[in-house]
**Student:** 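So that we are looking at the same thing, I have put the structure below in structure tokens.
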Amino acid sequence: MLRVLAALFTLVPLLWTIPAGAQGEVGDTYCVGGYEGTPPNVVAACDRPDVRAMHPRWHFHNWVTNGRECFACYDENDSTCETKFLQRNQGTWSRGNEYDCARVYGEMHTAGVVVEHIINGEPVTPPPPPPPMQLEARVERISPGPYTAGDQVTVVGAVRDEGGALRRITGGTFRVTDASGQTTEHKGTVQPDGTVSAGFSLPPSDSARIEFIPERPPLGDNETLRAAASEAQSLKVEVCTFRARVVQPTVHEALVAGQSTPLLARLFDAAGQVPVASPPAGLSLEFTVQVDGEKPQVLRADSGLAATWTPPASPKPREVRLSAGGRVGERVVCPAGEVSATVSDLGLGFDTSELPRTCYVGLPCQGTVRLLRPEPGTGRQQVDALLADPKVEARVVDTGEERYRGPPRADDRYTFSATYSQPGNMSWSIVFQTPKGPVAMPAHEVRVRPPLKLELPAELDFGTVAAGSSVAKACQKLDFSGSQAAEEHRWELRAEGLGGCQSRPVLRFLNALGQEDSRGLEPSLGIEALDPKDRRLDICLEVPRCAGEVSPDSAVLRVVPLTPEFKAQEKTVRLRWKVEGQGFLGCHGAWVWPSLALLGFGLLIAGFTQPARFPPGASIRVAGSERGMRQSASILLQACPGSSPGFYRDARLGLHGDGEVNGRTRNAVILLRATRGAGVVLTGLGPLEQQDRRTLQWEPVADLAQGHVPSPSVLYRAGGTYFKVEL
């Protein structure tokens, strides 16, 4: 559904009207505004490009509510959302929780509404309406190639306006199309800078096209999104013979802007494991260097797989990514990953890999930043001399509060340590005041969340269930709604103590296609997230088809938080049920009755189709004397009255003493019966004689009682009746 919102920068002055008592003190800087989306994934009015442009150190701090709606509060790298806005508006505004906001208010469409915006104690006047503007989705970056099928690539997508300003979005998907036209989609993750990133393996194809499909951002009246998806970026997928790894600079190395930096690569086999001692003839290798905010550079390596590069000016430390790839004739050299380093004017960098992204109220929150210096050389000497200057001062700042002020640490390690009493977004930073100017670590955001307090029912009782019931007939809710912050964690569900049981507990849910699905809980099942609007899971029971049983005392469901800080809160939920068995027909009736009906129908059909019929050409000639046989005419057996077979009865005819042949067999002299093997047999009580063709003597038929197979050339006599059977 398209949402048309008034743009933040075209809002009428009413939306920017400051409530009574909102006039701030000098130094107060914050913004309270609406949002678009469902918390915590939203686009906020106070984070729009024109608002952020007024603030060099802007960050989301917390959620606030007036009891009717939720709003997002932004401030500088401090706590004025609490120390100024909330304190001044006690009784009207209070701290909010993003998941409570999602449950109570759901998705909001007020990303153009700014309730209060103060800079240095003064209300902000809304800017004039800007001209029409188009936003464009882009594939910002693809990790450098060449590529081979199965290579892991990283892609970054973004939405920018015509001036190149980044428009924050709540998510996006990357669509990959191979040479055959088959597509796969990969969900991206929103990064702190507002871009969306995803990693995936290239398909087994000789080419691939990558498009970025952003979740639609809120649009002002003057804005349009040029297309729902970005322009496709094409990749050629080849077969790698070698891989190249950048070995200089090293990972996390600090580089000095403006100072010539050597680049060096090493060659490995196609798996990237075995070094190649001497590069093959004809090797052409290139370095790809990407500095944040700059266009990528490609530098040709010499025969020693080396090159030099001069980093650009960087008043603030920036990340630089380096990789190497190329060709050997028709063969391809693929990169063996990327190396990430740091570049700045003073040659200082910061390794923040040991800093947390999330902490919890009441629990220690700590992490260490390692100051990065250049490798030994001229740049290192300059940095060492600078940091040894007694005028240099280091400041460790936690959301506007100094945690340390003094000379640089000798071990280059700076620790943040705090225990927070309330949820919020903290901003950690380090600033070095030097004679050459300040050097600041990019602000590191830490989400402080409420601690988990897990409360679950003591047992799930499925009651009495009839054997053979569908899984939907026996379900209970595993209810997390009495817990605190349960929706913010991942979970493991594990059914135990089911030995000897045929019944099995399963999780029932709607899959990505909106269809009902289920997953077993043995040995375990991971839950990525609970629905913040309905913190309950459907646990159902798969029961045996026929047998009855009662749950053992050992049957339990273990619910384990996967957040390390709260694993001790694991809960055990007792499982109870009783299954009523069914009798033979109750259990197997579903197939017994249809089988019997099918069998009966088959027997009915067989009763009419299985009995033997007289062969089409079979006939009989009958006369009252041996001489009369010469003038007698042949009578087809199938033409005789009553010659058809009956229900499970072979066709039969009676030969009577008066020479009649019909279906009446009582008092018949001889009985003619159709058979599947012989065609026709003669039976009866006799006497029946046959004439020997050589001696013309009459001899009795000995096997009449068992069934005599007549010979077409033999003359038979039964009393005064003569006949021949012709087949």
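Residue numbers run from 1 in the order of the sequence given.
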**Student:** Show your reasoning for whether side-chain contact (heavy atoms from CB on, under 4.5 Å) applies to Ile527 and Leu507.
**Tutor:** CA-CA 10 Å; Ile527 307 295; Leu507 175 70; 3.5 Å; yes
**Student:** Carefully, step by step, assess Arg168 and Asp193 under the rule salt bridge (charged side-chain N to carboxylate O under 4.0 Å, His left out).
**Tutor:** CA-CA 8 Å; Arg168 290 176 181 257; Asp193 64 355; over 6 Å; no
**Student:** Are the aromatic ring centres of Phe432 and Tyr414 under 6.0 angstrom apart?
**Tutor:**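 Distance test on ring centres: under 6.0 Å, yes.
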**Student:** Given Leu363 and Phe566, is the side-chain contact (heavy atoms from CB on, under 4.5 Å) satisfied, shown in steps?
**Tutor:** CA-CA 11 Å; Leu363 297 179; Phe566 304 111; 3.7 Å; yes
**Student:** Is it the case that the ring center of Tyr360 lies less than 6.0 angstrom away from the ring center of His489?
**Tutor:** yes
**Student:** Looking at every non-hydrogen atom in both residues, tell me the closest pair between Ser323 and Gly337 and how far apart they are.
**Tutor:**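 Looks like CB-O, 3.8 Å.
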**Student:** Taking atom CD as the centre, does Glu231 end up with more than 12 heavy-atom neighbours from other residues, nucleotides or ligands that are less than 6.0 angstrom away?
**Tutor:**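 Not more than 12 within 6.0 Å, no.
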**Student:** Pick one: which of Asp151, Thr148, Asp269 meets side chain to side chain donor-acceptor pair (under 3.5 Å) with Arg243?
**Tutor:**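 Output: one option passes, namely Asp151.
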**Student:** Step by step, would you call Leu510 with Asp517 a side-chain contact (heavy atoms from CB on, under 4.5 Å)?
**Tutor:** CA-CA 6 Å; Leu510 293 179; Asp517 202 348; over 6 Å; no
**Student:** Under the disulfide (SG to SG under 2.5 Å) rule, what pairs show up with a residue in residues 243-303, not counting sequence neighbours?
**Tutor:** none
**Student:** Tell me, which pairs form a ring pair (Phe, Tyr, Trp, His ring centres under 6.0 Å) where one or both residues lie in residues 135-192, sequence neighbours left out?
**Tutor:**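 Those involving residues 135-192 are Phe174-Phe212, His186-Phe200.
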**Student:** Do the numbers put Arg245 on top of the ring of Phe268, so that NZ or CZ is under 6.0 Å from the six-membered ring centre and no more than 45° off the axis?
**Tutor:**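 The answer is yes, since Arg245 meets both limits relative to Phe268.
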**Student:** Using the ring of each side chain (for Trp, its six-membered ring), is Trp58 parallel, tilted or perpendicular to His55, with breaks at 30° and 60°?
**Tutor:** parallel
**Student:** Once salt bridge (charged side-chain N to carboxylate O under 4.0 Å, His left out) is applied, do any residues pair with Arg409, and if so which ones, sequence neighbours excluded?
**Tutor:** none
